[in-house]
Amino acid sequence: MLATLRRHLRSALAGLAPAGAAWLLLALVWWPAGAAWPAQPPAGGAPAALPAARQGAAPPQGRLSSAAPATARAQQVAPGAGHRAAIVVGGDRDYPPYEFIDRDGRPSGYNVELTKAIAEVMGMKVEFRLGAWSEMRTALQNGSVDVLQGMSYSDERLAEVDFSLPHTIVNHAVFARKDSPRVNSLEELQGKTVAVHRAGIMHDFLKKQGFTGKLVLTDTPADALRQTAAGKTDFAIVAIVPGMYIIRELKLSNLIPVVRNVASHRYCFAVDKGNEELLSRFNEGLAILKKTGQQQAIYEKWLGVLEPTPIEWRIVAKYAAIVVVPLVLLLGGFALWSRTLHRQVALRTADLTREIAERKHAEEELLLNQQQLVQADKMAALGILVSGVAHEINNPTGLILLDLPVLKRAHQDAAPILEQHFEENGDFMLGGVPYSEMREEIPRLLDGMQEGAQRIKRIVHDLKDFARRDDAGDKVASDLNQVVQTALRLVEPTIRKSTAHFSADFGVGLPRFRGNAQRIEQVVLNLVLNACQALSDREEGIAVTTRLSTDLQRLELKVQDQGGGIAPEHLARLTDPFFTTKRESGGTGLGLSVSAGIVKDHGGTLSFESEPGRGTMVTLSLPALRETTSPSLDSMEWNT
């Protein structure tokens, strides 16, 4: 009855003029105390099965202050729910990192923080009520919840609720045990036992697709993954981000995603059908957060998805106008001038042509200098940021390196006791895994953690060295092998992502060169990254080699890739400012130009050899110091 009354009231409000709606709301606020409407939300509003500590304390309810806007009062005073001063926002209590009850019993997660931000910019008060997902969907229909802050869009659900604009995209994955047979698509799950979240979007999706396997419905995504980890189901279908989060938090180390994207759904706010006024408030707040960048900041904080930054065409147009408009005006002036001096064209043609060429050259030089200054300023800012991040990473890394030996000694002391218990009582579970497996795994895991922490420490050290500014710019005797190895460590993740066949061969006993090691390191970084971008798949390789030239006068670094190669007409222009073959992917044409300038400043050369379809070889040549110096590192190879 209350739900029916609520729908009629919304229809009445929608049909009234603003003044009429305000009078109707005022009448509702002063409804007689003996009226049949309840003064508090129904007892079924929060799931009875949830402990109070997990539900979180509900803010006090009461009449809205007179200072609140009329639209806010119209949304927050919902028929059938009494005179509550806050919009009741429902969500799943166990769907991290989107929404969940934290260890202190408070609502937390990406959805919760996004809702709070919308409420702040829109001047709304909200009350969170998290519970089992199926109960929350029912609560939205019966009016005890005003809005669900995270619901995947589907045409079937659109018949029951109204959706806001999407605030993210949720991709769902198929999870399986490491020893399970591999599958590559949703069709291969037919006839299998699959665990899914009850009333979740994949539950609806599989029913719509006519799935012929056995569906095991669970109250939470975590329960679905536990069922699969324990061998009770063959597979589980869970959103990829919550799935990986739960696997990490619950240490379900025998689970992996075998199909990373079986379905993608828009993730929105949802209100009861017809509640357009409340929906418009959330849409407006979400639009404000997107424009101010707050939504992106919340997204990166909780979900950490590194996506390419979209091109801001307004900024591109601004800088294009700064450069192109003066140039067009200048050329227009020249055209007008030449027309007025038409009689003198024959005498001044040579001088005018030379003047135009010199001016264009000067403008190009000026533009290049401006771009280099902007790039240098960005690199300086990036250096400060990297140094700060590196410092922050050093602290937890040091703590890990300090605590891991203690854990290893503790395990060594506990091992005899565990072995005795195993011999006397048989196998038992330890961390969700049989002890017969864990007694071999624990030492390996501890050693791997220690090696990983040491690797983090080395990478942070290299980043701090790379980011440190060298204002003096002094040229000192430097080791080419060490410069190349430092650069390779910095781009190692990109190398591993780009190719499965990478090798580095460092010459033995190489003399040093005189120069700025940081600037040569920047050149090496650019050459290796260009080689990675030239590859079309991971089966194509990259080889890096250092050696002494045959005349023993110069050091040579060769970077060879097996990519698509470079067209002959482009080879001569590779180091020209602003020339790039990767304009559509964001290339600026400054990388090789700046690198060529650095090499030239060191008295060296940069040469290119390439054939379309057969890869490219870049050779960096630097003068070797004549003085006898200690030999470089022994020859070694890196293979991935």
Side-chain angles (χ1 to χ4, degrees), residues 379 383 458-459 461-492 494-495 501-532 541-561 571 574-575 591-610 615-640:
M379 291 300 295
R458 288 194 299 270
I459 292 174
H461 181 269
D462 290 340
L463 281 173
K464 290 175 69 178
D465 283 347
F466 181 72
R468 187 179 297 116
R469 293 185 59 181
D470 188 1
D471 295 328
D474 294 334
K475 295 180 180 180
V476 298
S478 303
D479 188 324
L480 180 61
N481 281 350
Q482 291 181 354
V483 169
V484 175
Q485 289 171 7
T486 301
L488 291 179
R489 284 197 296 270
L490 290 176
V491 296
E492 183 180 356
T494 302
I495 293 173
H501 304 286
F502 175 84
S503 66
D505 187 8
F506 300 93
V508 179
L510 296 183
R512 296 174 180 266
F513 70 93
R514 182 173 296 280
N516 186 315
Q518 266 190 309
R519 303 196 73 194
I520 296 299
E521 184 180 321
Q522 181 180 348
V523 175
V524 177
L525 279 172
N526 198 9
L527 296 181
V528 175
L529 288 175
N530 282 348
C532 291
I542 297 175
V544 176
T545 307
T546 61
R547 70 179 187 182
L548 192 61
S549 64
T550 54
D551 61 4
L552 306 181
Q553 299 298 314
R554 305 181 72 81
L555 293 170
E556 293 183 346
L557 165 67
K558 293 184 179 292
V559 180
Q560 184 171 9
D561 66 70
L571 276 176
L574 289 179
T575 58
L592 287 177
S593 175
V594 172
S595 297
I598 294 173
V599 174
K600 183 178 179 181
D601 184 54
H602 283 72
T605 60
L606 201 59
S607 61
F608 302 86
E609 301 175 25
S610 180
T616 303
M617 176 184 289
V618 185
T619 303
L620 165 64
S621 176
L622 296 171
L625 281 178
R626 297 176 183 272
E627 294 83 3
T628 303
T629 59
S630 58
S632 300
L633 298 177
D634 292 340
S635 177
M636 57 184 295
E637 288 193 357
W638 292 9
N639 295 297
T640 62

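Since the structure is predicted, the reported quantities are computational estimates derived from the model, not experimental observations.
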**Q** Where do Phe506 and Leu480 land on the side chain to side chain contact (heavy atoms under 4.5 Å, CB included) test, with the steps shown first?
**A** CA-CA 9 Å; Phe506 300 93; Leu480 180 61; over 6 Å; no
**Q** Which heavy atom of Gly507 sits nearest to which heavy atom of Asn481, and what is that distance?
**A** O-ND2, 3.0 Å
**Q** Taking all non-hydrogen atoms of both residues into account, name the closest pair between Ser478 and Ala517 and its distance.
**A**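 Closest approach of Ser478 to Ala517, heavy atoms only: OG-CB, 3.9 Å.
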**Q** Could you report the tightest heavy-atom contact between Val599 and Ser621, atom names first, then the distance?
**A** CG1-O, 4.3 Å
**Q** Can you see which heavy atom on Arg554 is nearest to which on Gly604, and at what distance?
**A** NH2-CA, 3.5 Å
**Q** When rounded to the nearest 0.5 angstrom, what is the spacing between CD1 in Ile520 and CG in Leu525?
**A** 11.5 Å
**Q** Going through the checks in order, is the side chain to side chain contact (heavy atoms under 4.5 Å, CB included) test met by Ile495 and Ile542?
**A** CA-CA 9 Å; Ile495 293 173; Ile542 297 175; 5.6 Å; no
**Q** Given side chains that start at C-beta, do those of Asn516 and His602 come closer than 4.5 Å, heavy atoms only?
**A** yes
**Q** Calculate, to the nearest 0.5 Å, the distance between atoms CD and OG1 belonging to Glu556 and Thr605 respectively.
**A**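 Spacing of CD (Glu556) from OG1 (Thr605) equals 8.0 Å.
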**Q** Grab the two heavy atoms, one from Asp601 and one from Lys475, that are nearest each other, plus how far apart they are.
**A** O-NZ, 2.7 Å
**Q** Would you say Val544 and Val484 make side-chain contact, with heavy atoms under 4.5 Å?
**A**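 The answer is yes; the side chains approach within 4.5 Å.
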**Q** Roughly how far, to the nearest 0.5 Å, is the CG atom of Leu574 from the OG atom of Ser610?
**A** 8.5 Å
**Q** With rounding to the nearest 0.5 Å, note down the distance linking CG in Leu527 to CD in Gln522.
**A**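 So the gap between those two atoms works out to 11.0 Å.
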**Q** Less than 4.5 Å apart, side chain to side chain, heavy atoms only: is that true for Leu555 and Leu548?
**A** yes
**Q** Check step by step if side chain to side chain contact (heavy atoms under 4.5 Å, CB included) holds for Thr546 and Gln485.
**A** CA-CA 11 Å; Thr546 61; Gln485 289 171 7; over 6 Å; no
**Q** Which atoms form the tightest heavy-atom contact between Leu625 and Ala477, and what is the distance?
**A** CD1-CB, 3.6 Å
**Q** Would you compute the distance between atom CG of Leu620 and atom CD1 of Ile598 and round it to the nearest 0.5 angstrom?
**A**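 If I round to the nearest 0.5 Å, the distance is 10.5 Å.
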**Q** Working to the nearest 0.5 Å, report the span between CE of Met617 and CD of Glu609.
**A**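 Between atom CE of Met617 and atom CD of Glu609 there are 6.0 Å.
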